[in-house]
Amino acid sequence: MKILVTGATGYVGGRLVPLLLDRGHEVRTTTSDSTKEQPWWSDRVETVEMDILDGDEVEAACEGIDAVYYMIHGMAGDDFVEKDREGATNMANAVRDKGVGRIVYLSGLVPPVDHDELSRHIASRLEVEEILSSSPAVTVTLRAAVLMGSGSTSFEVIRQVSERMPVQTVPDWMRSEVQPIAIVDVLEALYGALSVDGPSRSYDVGGPDRMPYPELLETYAELADLTRPQVTIPLLPTQLVGTLVGSLTDVPSATVESLIESLHHDMVCSEDDFVRDLLPEGYELIGVEESIRRSLTPRTAAPEDADPMGPMPQDPAWTDGGDARPPVAKVVDAVKSVLPGQE
């Protein structure tokens, strides 16, 4: 099968491409900047330059393609909703015009609340799903929440907050449950989505463990051999929490703020059909504790032989920030930016 992978240099895409190659598929990837350093597997794929907001370039990238992995998400800027909508529309049109048979879209879990209670980021991802599903292609959407693995934004927030805060201050509203899933399990489900029978549908994907988010922080601290007492703080505004966590970590601030905003609701699966439909028979999902242990194991093998749960060469420079402390001035400036009259 000839497969187009968008977002191939991202955390998930960079691990998905070698899996597809090793299982005998022909892969085309896209890049918006051909001058950037290419991933370690780049000599095994065809790479084309594509701006998702350029309809002609999207059509050209879809020429001769059997299936598309769509892993492009806008996170920053006031116009990310419009850009997400335009990009998804361009892809749906290209898929229709070029006769692509399947789209696999990695999205986020959608909590069971009214649409107007969804965060802008979750609402935008849901709209992208609807646009892609309107094409003639069978569209399989995987909805995941907390991805576990070194280099994942969700995992790096947990790691860096745990290592940089001697005492973890937890807002009283952050008692929502999460259902983390290991990146290797996500990769297996993404692969299964290539061949599952239609019609188009979404799957909630999560691991075997559910827990309140503060318990996930406690579990990380214990396995990382850290002593991190937790203190519950009432009445902390969401924006302040997101800004503070963003200042404490090296993860892009827009991504952090989106994650924090989502924690007002339980981010757990409403069904587990993906285990039956997308995973090999007898496949065992990895629990949270094993996910953390494997994520914390340094890479000693060459990339092609390394555990995808651990660090990989193409991971962003801000991952695995360790216990490096952000400058105090950065934290103070973050507080001033959201508290009135503090400039």
Side-chain angles (χ1 to χ4, degrees), residues 11-12 15-16 69-71 73 103-115 117-119 121-130 132-133 138-149 152-155 157-158 173-217 219-220 258-292 294-295 308-309:
Y11 173 70
V12 178
R15 287 160 168 78
L16 176 64
Y69 281 100
Y70 193 83
M71 293 185 289
H73 305 292
I103 303 172
V104 181
Y105 172 47
L106 181 60
S107 184
L109 276 177
V110 180
V113 298
D114 291 341
H115 192 277
E117 293 184 50
L118 296 175
S119 72
H121 288 91
I122 293 298
S124 179
R125 292 193 179 190
L126 185 58
E127 182 184 21
V128 167
E129 176 184 329
E130 293 167 349
L132 296 176
S133 298
V138 173
T139 301
V140 182
T141 300
L142 275 61
R143 298 175 174 175
V146 178
L147 297 188
M148 299 297 286
S152 157
T153 53
S154 299
F155 181 80
V157 168
I158 295 167
W173 49 261
M174 196 182 283
R175 302 302 305 176
S176 54
E177 285 202 325
V178 293
Q179 191 170 350
I181 183 167
I183 181 58
V184 290
D185 294 339
V186 172
L187 295 176
E188 200 63 52
L190 285 168
Y191 186 74
L194 275 181
S195 56
V196 67
D197 291 336
S200 298
R201 66 159 291 181
S202 64
Y203 290 92
D204 289 356
V205 296
D209 301 320
R210 294 170 50 158
M211 62 189 67
Y213 193 77
E215 184 178 328
L216 179 57
L217 294 175
T219 302
Y220 176 91
S258 173
L259 171 63
I260 296 300
E261 189 176 7
S262 72
L263 293 176
H264 274 285
H265 306 290
D266 288 340
M267 300 298 284
V268 297
C269 299
S270 61
E271 43 83 13
D272 62 358
D273 294 352
F274 85 102
V275 175
R276 178 197 66 213
D277 293 352
L278 306 183
L279 300 179
E281 186 174 356
Y283 186 92
E284 293 188 11
L285 296 167
I286 297 173
V288 164
E289 292 191 7
E290 183 181 349
S291 293
I292 293 173
R294 287 173 60 176
S295 301
M309 294 293 299

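In what follows, every heavy atom counts, from backbone to side chain, and hydrogens, waters and symmetry copies are set aside.
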Testing the basics here: between [X] and [Y], what is the closest heavy-atom pair and its distance to 0.1 Å?
| X | Y | result |
| --- | --- | --- |
| Asp209 | Gly287 | OD2-CA, 3.3 Å |
| Pro180 | Val288 | CG-CG2, 3.9 Å |
| Gln179 | Cys269 | OE1-N, 2.9 Å |
| Ser295 | Gly149 | OG-CA, 3.2 Å |
| Asp204 | Phe274 | O-CD2, 3.3 Å |
| Ala145 | Ser154 | O-OG, 4.1 Å |

Pairing residues for Glu127 by the side chain to side chain donor-acceptor pair (under 3.5 Å) criterion, not counting sequence neighbours: Arg85
Got a sec, which pairs hit salt bridge (Lys or Arg N to Asp or Glu O under 4.0 Å) with one end in residues 176-193, sequence neighbours left out? Arg23-Glu188, Glu177-Arg210
So does [Y] get a backbone contact from the side chain of [X], meaning a donor-acceptor N/O pair under 3.5 Å?
| X | Y | value |
| --- | --- | --- |
| Arg294 | Met309 | no |
| Ser200 | Thr139 | yes |
| His73 | Leu106 | yes |
| Ser152 | Leu147 | yes |
| Ser133 | Glu129 | yes |

Among all residues two or more places apart in sequence or in another chain, which pass the side chain to side chain contact (heavy atoms under 4.5 Å, CB included) test with Ser195? none
To the nearest 0.5 Å, what is the distance between [atom1] on [X] and [atom2] on [Y]?
| X | Y | atom1 | atom2 | result |
| --- | --- | --- | --- | --- |
| Ile183 | Ile286 | CD1 | CD1 | 10.5 Å |
| Met211 | Thr219 | CE | OG1 | 5.0 Å |
| Glu117 | Ile122 | CD | CD1 | 13.5 Å |
| Glu289 | Tyr220 | CD | OH | 14.0 Å |
| Tyr70 | Thr141 | OH | OG1 | 11.5 Å |
| Arg125 | Leu118 | CZ | CG | 12.5 Å |

Test side chain to side chain contact (heavy atoms under 4.5 Å, CB included) on Leu187 and Val12; report intermediate values, then the result. CA-CA 8 Å; Leu187 295 176; Val12 178; 4.3 Å; yes
[X] vs [Y] side-chain heavy atoms within contact, under 4.5 Å:
| X | Y | answer |
| --- | --- | --- |
| Ile158 | Tyr213 | yes |
| Tyr203 | Val140 | yes |
| Pro214 | Arg175 | yes |

Leu285 and side chain to side chain contact (heavy atoms under 4.5 Å, CB included): which partner among Asp272, Leu279, Val184? Leu279
Taking it one step at a time, do Arg143 and Leu126 satisfy side chain to side chain contact (heavy atoms under 4.5 Å, CB included)? CA-CA 10 Å; Arg143 298 175 174 175; Leu126 185 58; 3.5 Å; yes
Give the C-alpha distance, both sets of side-chain angles, the deciding distance and a yes or no for side chain to side chain contact (heavy atoms under 4.5 Å, CB included) between Thr153 and Val157. CA-CA 6 Å; Thr153 53; Val157 168; 5.5 Å; no
Residue pair Arg201, Asp273: steps toward the side chain to side chain contact (heavy atoms under 4.5 Å, CB included) verdict: CA-CA 11 Å; Arg201 66 159 291 181; Asp273 294 352; 3.2 Å; yes
Counting heavy atoms not belonging to Glu271, are there more than 12 under 6.0 Å from its CD? yes
